[in-house]
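Handing you a structure now.
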Amino acid sequence: MRFGSPDYCKEYNMIDPKLLRSDLESVAEQLKVKRFDLDCDGFLALEAQRKTLQLEAESVQQERNAYSKSMGKLMGEAKAKGEDIEPLKLKGEQLKNDSAAADTALAAVQEQLDELVQGIPNLPHPSVPAGNDEDDNVELRTWGTPSKWDFAVKDHVDLGADLGQLDFDRAAKITGSRFSQMRGGLASLHRALTQFMLNTHIHEHGYEEVYVPYIVNRESLFGTGQLPKFEEDLFKLEDERGLYLIPTAEVPVTNIYRNEIVEELPIKFVAHTPCFRSEAGSYGRDTRGMIRQHQFEKVEMVQFVHPDKSWDALDELVGHAEAILQKLNLPYRTVMLCGGDLGFSSAKTYDIEVWLPSQDKYREISSCSNFGDFQARRMKARYRNEQGKPELLHTINGSGLAVGRTLLAVMENYQREDGSIEVPEVLRPLMNGVTTIQP
RNA sequence: GGUGGGAUGGCAGAGCGGUUGAAUGCACCAGUCUUGAAAACUGGCUUAGGUUAAUAGCCUAACUAGGGUUCGAAUCCCUAUCCCACCGCCA
């Protein structure tokens, strides 16, 4: 759980504290791209206190250790001479109290320092453009051409309802809003998409499939950065152990190597899991259909890579996600997120957005990020460098893809005038040759 | 859910409350020997934090985790987690 001593260093530092001490101005400058205002004066003041107090605490501790070590001998001598050993103990007691006082003072400052440092997001990569929100994201490329329809296109909600295979009302009855229930061909199509994505990543992109828990502990959520800042986005179990439903496979998969030194890099994992998100704070947004659900399926790619290779690996991983859309022949575009839209832990993120004819625009279907050593530092996930020394590795991940949204995109882009849906070529072998979803 | 037994360095495995960061073996690295290799011998071999120009020294911490007793804890006490065995229940 912890780096080093419980007294002197708290867990979950994120930005390298050494970097803050050596290059504070530069860090603050870089964080402006992310629209984060770093409290430099506050940091410097706390850091100065920390340094003084830590040196003090360690020196008292040193004295105490030396005294304790000599105690055995001193007591023996005292007893041999028939002297009282109480004064000897008293001095030890005094040292203990001094030490405890010094530790307490240090801990108080360290706590404030930790709080400050832990609230600092990851630094953005120099190539990340400044900007406030998604409107400032930069389109890098588009692929495919949105179809022209000579009839009025329906959205997936109407298509699904007309097919009698997608039912939000019954899902609401069973559970509540933001859930869906499917049946028949649509349910099969949904499953086939999952299977297709997994097969592609495993057999064409070199990923190893992993099966992981869908319920995780706090430490894992800290490791990937969902906690402590984003607790309200999670479903927490009413359980004294304090467990949570996973909001993404990223959490269990990335944490596979928490507190470990891995032998060989890179490691490429792909996992299919359900994802659970409370969507607190998104009331009224995307309430129609299955764009934003409390429960959805996702195929997630996670890579553990050498620090020198993470940027190349990210580009490659984006390509893996795009390949799925290309094989499904779904038009999309790839954008680079601006600083203001970047997630807390991410150094750089590419979003892939699929074309939705009903909305006449592109909507996010995958998000691919490089976290640098940010998550690795929280997780203590390391590898052995060329000198054989443990060093933080880099983590990257990306959806490949969000299955629910992919289904929706397939429905809308493959719809026919009669309301039936053509099954994309690549999915047919997985659906026993079925070519059309019909009522 | 019940009862018992465990958790020590990469692995195996010692460890009376006081030079134990931790015996020993294996593995690993370097050297000697050898034409080369093996064997044998010699030496090295955990990690984190702080200090520092330093991956040099020095200091602090760590024997699953958290708390307690003590001048002093791997060693004693409490709690949690995980593992093993048996019983009960069960997809």
Side-chain angles (χ1 to χ4, degrees), chain A residues 1-23 43 46-80 83-107 109-111 113-114 117-118 211 213-223 237 239-244 255-264 307 373 376-393:
Chain A
M1 269 324 300
R2 293 169 179 272
F3 271 94
S5 152
D7 293 329
Y8 303 131
C9 177
K10 291 290 169 54
E11 64 268 63
Y12 312 137
N13 281 324
M14 301 153 192
I15 285 281
D16 188 351
K18 286 179 187 159
L19 184 66
L20 283 174
R21 287 196 283 265
S22 64
D23 229 351
F43 174 80
L46 284 170
E47 174 57 19
Q49 289 182 59
R50 189 228 98 226
K51 190 163 173 173
T52 310
L53 291 171
Q54 180 164 342
L55 286 171
E56 167 73 14
E58 289 189 353
S59 118
V60 175
Q61 183 63 245
Q62 191 180 346
E63 198 182 336
R64 182 188 176 203
N65 288 347
Y67 185 74
S68 289
K69 206 175 247 183
S70 66
M71 249 319 246
K73 207 170 113 191
L74 290 177
M75 280 173 53
E77 288 169 0
K79 278 181 183 163
E83 289 172 2
D84 187 7
I85 59 168
E86 277 313 305
L88 292 173
K89 288 194 173 189
L90 226 59
K91 183 177 176 194
E93 188 103 36
Q94 183 58 46
L95 283 167
K96 180 163 85 164
N97 292 338
D98 290 352
S99 172
D103 285 349
T104 305
L106 173 61
V109 170
Q110 187 71 54
E111 194 178 328
L113 199 53
D114 284 343
V117 173
Q118 286 165 22
Y211 173 84
Y214 303 154
I215 296 174
V216 294
N217 57 31
R218 292 187 68 86
E219 285 76 13
S220 294
L221 288 157
F222 268 112
L237 268 49
D239 183 291
E240 67 280 2
R241 288 173 294 189
L243 301 176
Y244 299 78
N255 276 281
I256 286 174
Y257 290 118
R258 172 152 53 84
N259 279 324
E260 291 197 30
I261 300 173
V262 303
E263 291 304 323
E264 236 182 312
D373 62 11
R377 180 169 295 107
R378 297 166 77 108
M379 291 195 304
K380 259 183 83 178
R382 295 167 294 168
Y383 75 103
R384 290 196 185 276
N385 65 18
E386 293 69 19
Q387 288 79 45
K389 288 290 169 195
E391 195 173 296
L392 295 172
L393 48 76

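Order of the sequence lines fixes the chain letters, A, B, ..., with proteins taken first and strands second; residue numbering starts at 1 for each chain.
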Response to the item:
Answer for the Watson-Crick or wobble partner of C33(B), both distances under 3.5 Å, is none
Discussion item. Counting only side-chain heavy atoms from C-beta out, which of U47(B), U60(B), G72(B) sits nearest to Q61(A)?
Written reply: U60(B)
Discussion item. In this structure, how many angstroms lie between the P atom of G10(B) and the CZ atom of R382(A), rounded?
Written reply: 10 Å
Worksheet, complete the sentence: Contacts of E47(A) and S70(A) projected onto RNA chain B by closest heavy atom; the upstream (5') one is S70(A)
Practice prompt. Round to a whole Å and report the spacing from CZ of R258(A) to C1' of C82(B).
Written response: 13 Å
Worksheet item: When you compare G68(B) with G15(B), how far apart are their C1' atoms, in angstrom units rounded to a whole number?
Response: 23 Å
Worksheet, complete the sentence: In Watson-Crick or G-U wobble terms, with both distances under 3.5 Å, the base opposite G1(B) is C87(B)
Worksheet item: Now, which nucleotide makes the Watson-Crick or G-U wobble pair with A56(B), with each of the two distances under 3.5 Å?
Response: none
Practice prompt. Provide the Watson-Crick or G-U wobble partner of U75(B), both distances under 3.5 Å; none if there is no partner.
Written response: none
Worksheet item: Using atom C1' of each nucleotide, how far apart are A74(B) and A23(B) to the nearest Å?
Response: 13 Å
Worksheet item: So what's C82(B) paired with, Watson-Crick or G-U wobble, going by both distances under 3.5 Å?
Response: G6(B)
Fill in: Base-pairing assignment for C28(B) (Watson-Crick or G-U wobble, both under 3.5 Å)
G44(B)
Worksheet, complete the sentence: Which of G50(B), G18(B), G72(B) is nearest the side chain of K96(A)? It is G72(B)
Worksheet item: If we take the C1' atom in both U20(B) and U46(B), what is their distance in whole Å?
Response: 15 Å
Worksheet item: Whole-Å distance between A62(B) P and E58(A) CD?
Response: 12 Å
Worksheet item: Looking only at atom P, what distance separates A22(B) and C59(B), rounded to whole Å?
Response: 13 Å
Worksheet item: Could you give the CD-to-C1' distance, from Q62(A) to C58(B), as a whole number of Å?
Response: 9 Å
Fill in: Interatomic distance, E63(A) atom CD to D98(A) atom CG [nearest 0.5 angstrom]
8.0 Å
Discussion item. Using the C1' atom as the point on both nucleotides, what is the distance between U8(B) and C83(B), in whole Å?
Written reply: 15 Å
Practice prompt. Give a yes/no answer on whether the side chain of R64(A) brings an N or O atom under 4.0 Å of OP1 or OP2 in G72(B).
Written response: yes
Worksheet item: With a 4.5 Å heavy-atom cut-off, do S220(A) and Y244(A) have their side chains touching?
Response: no
Worksheet item: With both distances under 3.5 Å as the test, what is the Watson-Crick or G-U wobble partner of U20(B)?
Response: none
Discussion item. By the 4.0 Å heavy-atom rule, please label K51(A) as base, sugar-phosphate, or nothing.
Written reply: sugar-phosphate
Discussion item. Distance check needed: G72(B) C1' versus E93(A) CD, whole Å only.
Written reply: 12 Å
Fill in: Nearest-angstrom distance, C1' atom, G50(B) to U55(B)
16 Å
Worksheet, complete the sentence: Here the distance between atom P of U64(B) and atom CD of E260(A), to the nearest Å, is 18 Å
Worksheet item: Which residues pass the ring-ring contact (aromatic ring centres under 6.0 Å, His included) test with Y257(A), sequence neighbours left out?
Response: F304(A)
Practice prompt. Starting at atom NZ of K69(A), determine the distance to atom C1' of G17(B), rounded to an integer number of angstrom.
Written response: 15 Å
Fill in: Whole-angstrom distance between G9(B) and G18(B), as gauged at atom C1'
23 Å
Response to the item:
Contacts of Y67(A) and K389(A) projected onto RNA chain B by closest heavy atom; the upstream (5') one is K389(A)
Worksheet item: Tell me, do N255(A) and F222(A) make a side-chain contact under 4.5 Å, heavy atoms counted?
Response: no
Worksheet item: Looking only at side-chain N and O atoms, does R218(A) come under 4.0 Å of OP1 or OP2 in U81(B)?
Response: no
Worksheet item: Closest to the M71(A) side chain: U19(B), C71(B), U47(B)?
Response: C71(B)
Worksheet item: Is there a side-chain contact between L106(A) and R50(A) (heavy atoms, below 4.5 Å)?
Response: yes
Fill in: Euclidean distance for P, A7(B) against U60(B) (whole angstrom)
29 Å
Worksheet item: Once you round it to whole Å, what is the distance between P of C71(B) and CD of E63(A)?
Response: 17 Å
Item to complete: Apply the side-chain contact (heavy atoms from CB on, under 4.5 Å) test between Y383(A) and each candidate in E264(A), E391(A), K389(A), E260(A); give the one that qualifies.
Response: E391(A)
Discussion item. Minimum heavy-atom separation for M379(A) and R258(A), please, with both atom names.
Written reply: O-CG, 3.3 Å
Worksheet item: Where the side chain of N65(A) is concerned, which of U47(B), A61(B), G49(B) is the nearest nucleotide?
Response: A61(B)
